[in-house]
Amino acid sequence: MSGTSRAQLCFLLLSVTALRGHARFLDIQDNDISPEGLLSLLNSELKRELPEEFVYRRALRCLDMVAVEGQFTFTAERPQLNCAVFFIGEPSDIISIEYDSVNIDCRGGDFIKVFDGWVMKGEKFPSTQDHPLPLYERYSDYCETGVTRPIVRSSQNVAMLFFRLHQSGSSFTVTFRKLINPFPCNVVSQTPEGSFTMIIPQQHRNCSFSIIYPVEIQIGELSLGQHNDLRRSILGCAGSGDFVELLGGNGMDTSKMYPMADLCYSFNGPAQMKVGCDNTVVRMVSSGKFVNRVSFQYRLLGHQELQQMKGNSVEDVCLRA
């Protein structure tokens with residue numbers, strides 16, 4: 001991965017300016033932490049291989065990324081008013097966060113909140129269009145639920161924990177686990193290269209696979225029930241209840257991303273496209289009438305490829321000088 005791509009990824013994922021209060025639930029300000037340090041942390045988390053019987057434990061930072069199962073403790077050495085922890089699993093995981101112990105002053109303004117998804121630059125993943133729950137139900141506030149809800153589970157492979165502690169010595173401990181999701185729907189990829197098959201089994205829902213890198217997408221197979229008419233793609237997919245779209249953008253909300261291609265007919269590939277955006281998304285819309293399936297591969301675009309794409313009026317929509 002090039003240094004530029006690493007910097008772009010880290011800035012998008014973990015820049016605290018992404019967390020400024022665009023939603024009434026959040027009030028996160030800047031923290032003094034370098035992008036290089038956070039990317040190094042993410043890489044070290046992903047590379048850890050732990051024996052099954054060993055419980056991984058470590059302290060949390062005010063701004064942190066967690067990708068390895070274990071027990072995590074935060075203890076405030078001074079007031080910490082704007083902190084967030086990003087949790088991520090494999091595409092086929094959902095996130096489980098269990099409160100083991102909590103020592104905070106809810107009446108004094110402290111809080112710990114879990115968000116079902118990620119929030120960056122005021123944008124949410126999954127978007128409100130693609131998430132099965134209304135926005136207010138995606139926030140779980142410990143100070144409101146307490147021990148009545150000691151375990152919070154996400155709907156996809158990412159979740160966030162926001163917290164504010166006013167007094168030194170305040171602390172909490174949580175256990176992070178990954179649970180199997182038999183039909184992964186909304187996914188954030190941990191890596192810039194890989195493959196995935198998305199299946200929606202006769203459900204009326206939208207699913208997005210988000211790759212927070214500029215990549216080349218190669219679709220190997222697309223099966224959309226009875227939609228096999230090539231003319232649909234020529235006329236556009238707006239009237240079809242079942243289709244796949246490729247999106248590109250520099251944020252997380254799929255409703256605000258640029259449509260790169262629409263596919264509403266079944267085929268066996270390959271069909272490929274390069275997307276020079278910070279975020280590339282394969283999004284499937286399903287009417288619930290059919291079992292829809294799309295298989296694809298993706299790889300990181302090199303610096304030279306990105307340079308060659310500049311100047312193209314379509315591919316250049318997300319590229320920066």
Side-chain angles (χ1 to χ4, degrees), residues 7 9-48 50 54-89 95-122 139-147 149-152 154 158-177:
L9 167 66
C10 193
F11 180 82
L12 178 63
L13 283 180
L14 297 169
S15 170
V16 183
T17 58
L19 302 174
R20 288 186 181 272
H22 288 249
R24 64 184 179 89
F25 304 94
L26 309 180
D27 183 19
I28 307 297
Q29 304 296 324
D30 290 342
N31 284 267
D32 183 17
I33 189 166
S34 70
E36 293 78 8
L38 286 170
L39 183 60
S40 175
L41 172 63
L42 173 59
N43 288 338
S44 66
E45 285 290 297
L46 294 175
K47 292 177 181 178
R48 291 183 184 273
L50 303 173
F54 179 77
V55 178
Y56 173 51
R57 293 182 174 88
R58 75 163 172 84
L60 285 174
R61 299 169 176 84
C62 178
L63 185 66
D64 214 335
M65 170 74 76
V66 176
V68 177
E69 292 180 302
Q71 190 175 71
F72 301 87
T73 299
F74 184 86
T75 302
E77 297 181 355
R78 55 184 175 82
Q80 296 283 5
L81 305 183
N82 306 284
C83 299
V85 180
F86 293 76
F87 293 91
I88 186 169
I95 304 302
S96 170
I97 299 173
E98 179 176 1
Y99 294 107
D100 298 318
S101 63
V102 178
N103 176 28
I104 67 173
D105 183 6
C106 292
R107 293 184 177 181
D110 292 354
F111 67 73
I112 306 174
K113 300 179 182 181
V114 176
F115 179 69
D116 189 0
W118 277 1
V119 181
M120 301 174 191
K121 297 182 179 178
Y139 289 87
S140 175
D141 190 333
Y142 174 84
C143 287
E144 294 179 358
T145 61
V147 296
R149 194 181 179 190
I151 300 177
V152 182
S154 70
V158 292
M160 290 184 71
L161 188 150
F162 301 95
F163 59 96
R164 170 179 294 173
L165 306 178
H166 289 83
Q167 300 295 326
S168 60
S170 297
S171 65
F172 64 87
T173 298
V174 296
T175 295
F176 163 52
R177 294 186 177 91

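Worth saying up front: this structure is predicted, and the values here are computed from it rather than measured. Computation of the quantities below employed the complete heavy-atom set of this structure, encompassing side-chain atoms and omitting hydrogens, waters and symmetry-equivalent molecules.
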How many angstroms lie between atom [atom1] of [X] and atom [atom2] of [Y], to the nearest 0.5 angstrom?
| X | Y | atom1 | atom2 | result |
| --- | --- | --- | --- | --- |
| Ser140 | Asp116 | OG | CG | 10.0 Å |
| Thr145 | Lys113 | OG1 | NZ | 11.5 Å |
| Phe162 | Ile112 | CZ | CD1 | 13.5 Å |

Side chain proximity check, [X] to [Y], heavy atoms < 4.5 angstrom:
| X | Y | answer |
| --- | --- | --- |
| Phe86 | Leu63 | yes |
| Leu161 | Asp64 | no |
| Cys83 | Leu165 | no |
| Asn82 | Arg164 | yes |
| Val114 | Phe87 | no |

Testing the basics here: between [X] and [Y], what is the closest heavy-atom pair and its distance to 0.1 Å?
| X | Y | result |
| --- | --- | --- |
| Asp100 | Gln71 | OD2-NE2, 3.2 Å |
| Val158 | Ile88 | CG1-CG1, 3.8 Å |
| Val102 | Ile104 | CG1-CG1, 3.7 Å |

My understanding is that only residues two or more places apart in sequence, or in another chain, count here; which of them pass side chain to side chain donor-acceptor pair (under 3.5 Å) with [X]?
| X | result |
| --- | --- |
| Ser168 | none |
| Asp141 | none |
| Asp110 | His166 |

TODO: Assign the ring pair Tyr139 / Phe115 to parallel, tilted or perpendicular, where the plane angle (0 to 90°) is split at 30° and 60°.
DONE: tilted
Task: Geometric class of the Tyr56/Phe72 ring pair [parallel <30°, tilted 30-60°, perpendicular >60°] - done: perpendicular
Task: ring pair (Phe, Tyr, Trp, His ring centres under 6.0 Å), paired with Phe163, selected from Tyr142, Phe111, Tyr99, Phe74 - done: Phe74
Open item on the list: Going by salt bridge (charged side-chain N to carboxylate O under 4.0 Å, His left out), name the residues that satisfy it together with Arg57, two or more places apart in sequence or in a different chain.
Closed with: none
Task: Gln167, CD: over 12 other non-hydrogen atoms inside 6.0 angstrom - done: no
Task: side chain to side chain contact (heavy atoms under 4.5 Å, CB included) against Asn103, all qualifying residues, sequence neighbours excluded - done: Ser171
Open item on the list: Restricting to side chain to side chain contact (heavy atoms under 4.5 Å, CB included), what partner residues turn up for Ser96, sequence neighbours left out?
Closed with: Ile151, Arg153, Arg177, Leu179
